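A quick write-up on the structure given underneath.
Here the structure is a predicted model, which is why all the values come from computation and not from measurement. Basis for what follows: all heavy atoms, side chains included, without hydrogens, waters or symmetry-related copies.
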Amino acid sequence: MDAWPWMGAAELAEGLRARRFSSVELTQALLQRVQALSHLNAFVAVDAELSLQQARAADARLARGEVAPLLGVPIAHKDVLVTRGWPTTAGSRMLAGYRSPFDATVVARLGQGDDVHPGAGAVTLGKLNCDEFAMGSGNEHSAWGPARNPWDPARVPGGSSGGSAAAVAAGLVPAATGTDTGGSIRQPAAFCGITGIKPTYGRCSRYGLIAYASSLDQAGPMARSARDCALLLSVMAGPDPWRDATCLDLPPQDYTQGLDEPWPGADAQRPLQGLRIGLPHEFWHTQGCAADVQAALRAALEVLEQLGARLVEVCLPHSELAIPAYYVLAPAEASSNLSRFDGVRYGHRAASCDDLADLYGRSRSEGFGPEVQRRILVGTYVLSHGYYDAYYLQAQKIRRLIAQDFAAAFAHCDLIAGPVAPSVAWPIGAKSDDPVAEYLADIYTLPASLAGLPALSMPAGVGEGGLPVGLQLIGPYLTEARLLRVAHQFQHVTDWHRRTPPLPPATSRPNDKTEV
């Protein structure tokens, strides 16, 4: 039982199939741990009876000999993915208490399934904290308070999927869902010392994902190892033609196959022989990355070289424009997407008002937090008459140039490596008075997001104060299998992904129900 919190999803699924323990026992133990480590504020909604009901159903299916990839394994979902049974608030008072009548496609595929997609049988443990409407880099913009980093509860876990990263790192769940708009899977994964992958835009359906920026949002898995991420992504990805027109019409793929195979032409001793890893000058030779992060990542690159990989210099000349381009495009889409939350059609409604315009103003002022309001204002401005051509259209042109830079770089390499963030996790509140400083934390993750490319963060060392450092791998379109294979080979010979944070023992009993 003591080992369960640190077992991976694949290992737990194997143990359940072998009947070494039951899903009910496992679910009860993890619910107890969630309660005992509630100071991390990783979960915002828990319903023990509902989770145990799913666990009992999973045990009955296992007893009948049924097989599904995650049957009986407890996982949890970021609070921007709608779920039946649990409230979905997107970390905002605007949606406090909202309960969806349906599951998001990725939730259904991982869990109990629906009328369109079969489920992999995972048990939902609850909903995970996140920045409000996924807008933030530290998980400090949640209406329910900041999630905390298990490695140092005084520091941020990263955002916006901070609750997901904290829950996995603390052993509350073996894996979780996250969403990535500008780095919101990769950056919290790096800060909390776990693995996370943002798939190619369109790999996973966005149906049931509460929108921030529709041309950028993408769901993906977060777990301690590349193997577990591969297991979850195999289930999450796939076409959804009747629900999401942006979802790619490609058949599902088993990403766990081939993880242990050497690179073509390589051998078991040097399994990455022949792999070319591009090092962008703009990522590795600038003043923005802290010395402790650089040192950890250089050591990780040496490990990849020992495995046979060859490092080559490449250029991404327009990557320095990613931040201004993103913070025009994403707020513009947010302004449009969040216009529906007006107190009439959706969301919080002010208790009193003088007229319709006052109702709109009061409802939105009360429901949205400061960061969401800031981005809505920016987005509305850049879309307004007289500024569309000057800002929004120019940002779209820069987005195309960034994608072309990646295409040119991949002519000389098989994947690109770089930092995930310029520093380790910062103290909670350290950047509260300077939003731009927080935006700069996304400097290394935004280019891949704007280009729609798959990108992965894996634990690669430690920096100041023993805090985790993540290495980012970026691949051409639809090369998730390549990224996961390289990360898996790296994790064969390192133990950064197995290290656990110093946490108090979990001895409390679970409450029956906790929600916001």
From CE (Met135) to OG (Ser184), nearest 0.5 Å
10.5 Å
Could you tell me whether the side chain of Asp180 and the main chain of Gly183 form a donor-acceptor pair under 3.5 Å?
yes
Looking only at heavy atoms, the pair that brings Thr479 and Pro476 closest together is OG1-O, 2.6 Å
Which value, rounded to the nearest 0.5 Å, describes the distance between Phe21 atom CZ and Leu16 atom CG?
4.5 Å
Any chance you could measure Asp260, atom CG, to Gln489, atom CD, to the nearest 0.5 Å?
6.5 Å
Is Arg243 paired with Asp114 through a side-chain N to carboxylate O contact shorter than 4.0 Å?
yes
Rounded to the nearest 0.5 Å, what's the gap from NZ on Lys397 to CZ on Arg400? Could you check?
13.5 Å
Pair Gln187, Ser457: side-chain N/O donor-acceptor within cut-off below 3.5 Å
no
In short, ring pair (Phe, Tyr, Trp, His ring centres under 6.0 Å) pairs touching residues 259-282 with sequence neighbours left out are His281-His285
Hydrogens and angles aside, do Lys78 and Thr177 bring a side-chain donor and acceptor to less than 3.5 Å of each other?
no
Determine whether Leu232 and Val235 make a side-chain contact, defined as any pair of heavy atoms from C-beta on separated by less than 4.5 Å.
no
Short side-chain to backbone donor-acceptor contact, Thr200 and Arg203, under 3.5 Å
no
To check you understand the geometry: which heavy-atom pair defines the closest contact between Tyr444 and Val420, and what is its length?
CB-O, 3.7 Å
Minimal non-hydrogen separation, Ala330 against Tyr212, with atom names
CB-OH, 3.5 Å
How long is the gap from CD1 on Ile197 to CD1 on Ile185, to the nearest 0.5 Å?
8.5 Å
Salt-bridge contact Asp495-Arg499 (side-chain N to carboxylate O under 4.0 Å):
yes
Does any non-hydrogen side-chain atom of Thr124 lie less than 4.5 Å from one of Ser51?
no
Report yes or no: does Arg310 contribute a side-chain atom to a donor-acceptor pair with the main-chain N or O of Gln273 at less than 3.5 Å?
no
Please tell me if the side chains of Val462 and Leu467 come closer than 4.5 Å, counting only heavy atoms from C-beta onward.
no
Sub-3.5 Å donor-acceptor pair from the side chain of Glu464 to the main-chain atoms of Val293, do we have one?
no
Hey, is the main chain of Thr256 close enough, under 3.5 Å, to the side chain of Arg485 for a donor-acceptor pair?
no
Test log, rule side chain to side chain donor-acceptor pair (under 3.5 Å), inputs Thr179 and Gln218:
CA-CA 5 Å; Thr179 65; Gln218 185 63 188; over 6 Å; no
Nearest heavy-atom neighbours spanning Gly178 and Ser164:
CA-OG, 4.4 Å
Regarding Asp442 and Ser137, is there a side-chain donor-to-acceptor distance under 3.5 Å anywhere?
yes
Are Met222 and Ile194 side-chain neighbours, meaning at least one heavy-atom pair lies under 4.5 Å?
yes
Counting only N and O atoms by type, is there a donor-acceptor contact under 3.5 Å from the side chain of Trp151 to the main-chain atoms of Cys192?
yes
Would you check if Ile474 and Phe406 make a side-chain contact, meaning some heavy-atom pair closer than 4.5 Å?
yes
Checking Arg186 against Gln472: is there a side-chain donor and acceptor pair closer than 3.5 Å?
yes
Quick one, Tyr255 with His488, criterion side-chain contact (heavy atoms from CB on, under 4.5 Å). Give me CA distance, side-chain angles, the key distance, then yes/no.
CA-CA 11 Å; Tyr255 295 101; His488 180 68; over 6 Å; no
Polar contact flag, side-chain donor to acceptor under 3.5 angstrom, His141-Glu438:
yes
Quick one, Leu301 with Trp284, criterion side-chain contact (heavy atoms from CB on, under 4.5 Å). Give me CA distance, side-chain angles, the key distance, then yes/no.
CA-CA 12 Å; Leu301 291 178; Trp284 293 95; 3.6 Å; yes
Above 12 or not: heavy atoms from other molecules or residues under 6.0 Å from CD of Glu313?
yes
With a 6.0 Å cut-off (strictly less than), is the heavy-atom count around CD of Gln404, excluding the residue itself, greater than 12?
yes
Can you tell me if Arg399 and Ser215 form a side-chain donor-acceptor pair at under 3.5 Å?
yes
Are Arg109 and Asp240 close enough for a salt bridge, meaning some N to O gap below 4.0 Å?
no
Do any N or O atoms from the side chain of Arg224 and from the backbone of Val168 form a donor-acceptor pair under 3.5 angstrom?
yes
Judged by atom type as modelled, is there a donor-acceptor pair below 3.5 Å linking the side chain of Ser205 to the main-chain atoms of Asp244?
no
Assess whether salt bridge (Lys or Arg N to Asp or Glu O under 4.0 Å) is satisfied between Lys198 and Asp217, documenting all intermediate values.
CA-CA 10 Å; Lys198 179 196 86 71; Asp217 297 340; over 6 Å; no
Look only at the side chain of Tyr201 and the backbone of Tyr477, and say whether a donor-acceptor pair between them is shorter than 3.5 Å.
no
Looking only at non-hydrogen atoms, find the nearest pair between Ala189 and Gly196 and report the distance.
CB-N, 3.9 Å
Does some side-chain heavy atom of Val106 sit less than 4.5 Å from a side-chain heavy atom of Leu81?
yes
Please round to the nearest 0.5 Å and tell me the distance separating atom CG of Leu62 and atom CG of Leu71.
4.0 Å
Report the C-alpha distance between Phe410 and Ile416 in whole Å, list the side-chain angles of each, state the deciding distance to 0.1 Å, and finish with yes or no for side-chain contact (heavy atoms from CB on, under 4.5 Å).
CA-CA 8 Å; Phe410 286 129; Ile416 286 171; 3.8 Å; yes
Do side-chain atoms of Asn139 reach the backbone of Pro146 as a donor and acceptor pair under 3.5 angstrom?
no
Beyond-backbone contact of Leu125 with Phe43, side-chain heavy atoms, under 4.5 angstrom
yes
Tell me whether the rings of Tyr327 and Tyr439 are parallel (<30°), tilted (30 to 60°) or perpendicular (>60°).
parallel
Non-hydrogen side-chain atoms of Val486 and Leu456 separated by less than 4.5 Å:
no
Do other residues, nucleotides or ligands put more than 12 heavy atoms under 6.0 Å from Arg298 CZ?
yes
Show, in sequence, the C-alpha distance, side-chain angles and deciding distance for Leu259 and Arg227, and conclude whether the side-chain contact (heavy atoms from CB on, under 4.5 Å) test is met.
CA-CA 8 Å; Leu259 284 177; Arg227 180 179 290 279; 4.2 Å; yes
Correct closest heavy-atom pair for Cys204 and Ala219 would be SG-O, 3.7 Å
With a 6.0 Å cut-off on ring centres, are Phe191 and Trp426 close enough?
yes
Can a side-chain donor-acceptor contact be found between Gln491 and Thr195 if the only test is distance below 3.5 angstrom?
yes
